[in-house]
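Residue numbering restarts at 1 for every chain, and letters A, B, ... go by the order of the sequence lines.
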Protein chains: 2
Amino acid sequence: MQFPLALAIIEDQAAIRETLHEYLCAQPEFRCVLISESVEAFLWDLPAAPAPPQLILSDIGLPGLTGIEGIPLIQAQLPDAQVLMLSVYADAERVFEALRAGAVGYLLKNTPLAQLKEHLLQVAAGGSPMSPGVARFVVQAFLGQSPQPAPAGIPLANLLPEEPLTARELEIVRGIEDGLSYKLIAERHYISLDTVRSHIRNVYRKLQVNSKAELMAQTLKRQRG
Amino acid sequence: MQFPLALAIIEDQAAIRETLHEYLCAQPEFRCVLISESVEAFLWDLPAAPAPPQLILSDIGLPGLTGIEGIPLIQAQLPDAQVLMLSVYADAERVFEALRAGAVGYLLKNTPLAQLKEHLLQVAAGGSPMSPGVARFVVQAFLGQSPQPAPAGIPLANLLPEEPLTARELEIVRGIEDGLSYKLIAERHYISLDTVRSHIRNVYRKLQVNSKAELMAQTLKRQRG
DNA sequence: GGCGGTATCGCATGAACGTGTGGTTTTGGG
DNA sequence: CCCAAAACCACACGTTCATGCGATACCGCC
């Protein structure tokens with residue numbers, strides 16, 4: 001394997017895109033040949049790239065075509081390129097779709113930059129990096145399926161707690177999962193309505209959601225996955 | 001998940017065993033309850049352990065019973081424990097055997113200690129850590145087998161509503177379970193916001209709930225119970 | 001033709017929620 | 001002892017939701 005590896009990034013959120021760009025391109029192992037904010041833009045700009053990308057780091061949740069839908073289109077243009085998915089979603093369905101579509105790995109967005117770099121290098125070396133929580137989906141599918149409720153304590157927090165929820169926050173989340181209103185949660189724990197709000201706010205930030213419904217949807221997916 | 005996690009190590013090579021022991025047990029997240037040099041020794045000493053291990057880090061190449069052969073025996077004694085394999089072998093056959101036997105992950109012995117620690121924590125959080133080169137075997141096996149083996153169906157029908165939901169209403173409910181707002185549900189089905197409201201109203205009456213949260217809580221309970 | 005059920009849509013009002021901004025008190029290390 | 005993190009509280013504003021009251025249209029069926 002020869003360095004630098006030609007790298008392309010597809011990510012719609014400017015902040016994340018810039019962070020990835022700045023960090024990865026500062027590494028001697030990589031050379032960024034194309035940075036796009038959508039699959040469409042990527043394909044459009046591809047002919048103008050200084051070199052064909054060997055590695056493509058792509059978001060899934062993109063405007064227009066999703067990252068998953070983009071994989072076959074990208075591979076049609078770049079048969080030798082390897083696509084590594086980056087996503088905030090940790091549900092089995094999306095993981096399977098991505099792998100079936102031809103992705104070689106699947107990382108969650110809370111992966112630290114340094115690990116992300118390592119994973120990209122491992123892709124180039126023939127690996128299939130996956131965030132460990134993601135890997136379990138694949139293992140279970142591989143096993144045909146035998147959903148063992150593995151963790152004894154069951155942290156309903158989330159698969160890969162970049163920022164772990166505090167004990168208090170977990171209690172609040174349990175209240176939401178029980179279908180309670182903020183008012184009832186407040187009464188259950190003898191705290192004020194605003195305090196509940198405050199905790200919820202922090203939970204939403206940590207879990208990257210912005211409504212009760214999204215929070216519960218995340219729990220639902222995790223239980224089905 | 002509560003710390004420290006009760007950890008056991010099975011490794012025959014004294015040097016590696018001591019390295020793992022010293023490093024991991026120095027971490028506040030872990031508490032070493034049993035260090036053995038073979039599966040047989042592990043099982044023998046298990047009753048004398050200060051606490052039942054929650055995580056077991058086991059080598060594969062052991063004298064006597066191999067680590068893989070040991071998994072079912074260990075799980076018979078510790079149904080809630082999770083076994084993470086550690087091996088110098090990176091061949092597909094052994095990986096598959098280990099996973100089939102019940103291992104939750106498979107790491108190579110060249111994994112840095114810091115990463116090993118992270119992987120163990122991820123196991124406790126429900127992950128399936130695998131060294132990236134190992135992961136590709138599993139992905140390929142996954143892709144090689146039945147395209148849609150068992151995505152765990154949608155038993156949404158088998159709730160017990162005295163009044164059954166119509167097809168349309170079920171679609172709307174699915175939208176809610178995906179965490180969408182009324183607006184997004186309306187867009188998804190090309191109907192107006194008020195129509196969504198109308199359907200939801202009927203669903204709430206039929207299922208005897210009066211908020212999104214209660215509806216989702218009902219779904220959650222049904223899936224757990 | 002009339003009748004019931006489903007699907008569609010509109011409007012209005014109060015409650016619940018999400019989010020921004022600011023605080024204080026408590027608590028567990030360094 | 002001080003700092004940082006967690007828990008607690010408050011106010012304000014806009015958005016979303018829950019629910020009431022309508023309405024029209026299609027379809028199968030007796």
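In this structure, B:Glu11 pairs ionically with B:Lys109, as a charged nitrogen and a carboxylate oxygen lie closer than 4.0 Å. Of the charged side-chain nitrogens involved, none lies within less than 4.0 Å of a carboxylate oxygen, so that A:Asp59 and A:Arg17 do not count as a salt-bridged pair. With salt bridges taken as basic N to acidic carboxylate O contacts below 4.0 Å, one links B:Arg168 and B:Glu171.
Regarding B:Asn202, its CG atom lies at a distance of 12 Å from the P atom of D:dT19, rounded to whole Å. Computed from coordinates, the A:Ile200 CD1 to C:dT19 C1' distance equals 13 Å when rounded to whole Å. Between A:Ile191 atom CD1 and C:dT25 atom C1' the separation is 15 Å, expressed in whole Å. Atom pair A:Leu215:CG and C:dC17:P shows a separation of 13 Å (rounding to whole Å applied). Whole-Å rounding puts the B:Leu165 CG to C:dA7 P distance at 10 Å. For the pair A:His199 NE2 and D:dA5 C1', the interatomic distance rounds to 12 Å; values are reported in whole Å. Atom P of nucleotide D:dA7 and atom CZ of A:Arg205 are separated by 12 Å, given to the nearest angstrom. Put simply, NE2 on A:His189 is 17 Å from C1' on D:dC9, counting in whole angstrom units.
Taking only distance into account, the side chain of B:Asp194 meets the base of C:dC11 through a donor-acceptor pair shorter than 3.5 Å.
Taking CG from B:Leu55 and CG from B:Leu84, the interatomic distance works out to 8.0 Å, rounded to the nearest 0.5 Å. To the nearest 0.5 Å, atom CD of residue B:Gln54 and atom CG of residue B:Asp80 are 9.0 Å apart.
By the salt bridge (charged side-chain N to carboxylate O under 4.0 Å, His left out) test, B:Asp45 pairs with no residue at all, sequence neighbours left out.
Residue-to-nucleotide proximity on DNA chain C shows that, of B:Tyr190 and B:Ala213, the 5′-proximal contact is made by B:Tyr190.
Checked against D:dA6, C:dT6, C:dC9, the side chain of A:Thr166 finds its nearest nucleotide in D:dA6. Proximity note for B:Glu169 (side chain, C-beta onward) versus C:dG10, C:dA7, D:dC8: the nearest is C:dA7.
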Which atoms of nucleotides 22-28 of chain D (N or O only) lie under 3.5 Å from a protein N or O atom, and what are those distances?
none

Under 3.5 Å, which N/O atoms of the protein pair with N/O atoms of nucleotides 14-17 of chain D?
| unit_1 | atom_1 | unit_2 | atom_2 | d |
| --- | --- | --- | --- | --- |
| D:dC17 | OP1 | B:Lys212 | NZ | 2.5 |
| D:dC17 | OP2 | B:Tyr182 | N | 3.1 |

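Side chains of B:Ile56 and B:Gln82 form no contact here, defined as non-hydrogen atoms less than 4.5 Å apart.
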Evaluate side-chain hydrogen bond (donor to acceptor under 3.5 Å, both in side chains) for A:Ser198 paired with A:Thr195, printing each intermediate quantity in order. CA-CA 5 Å; A:Ser198 180; A:Thr195 301; over 6 Å; no
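OP1 or OP2 of D:dC9 lies within a sub-4.0 Å distance of a side-chain N or O belonging to A:Thr195.
Between the side chain of B:Ser36 and the backbone N or O of B:Ser38, no donor-acceptor pair lies under 3.5 Å.
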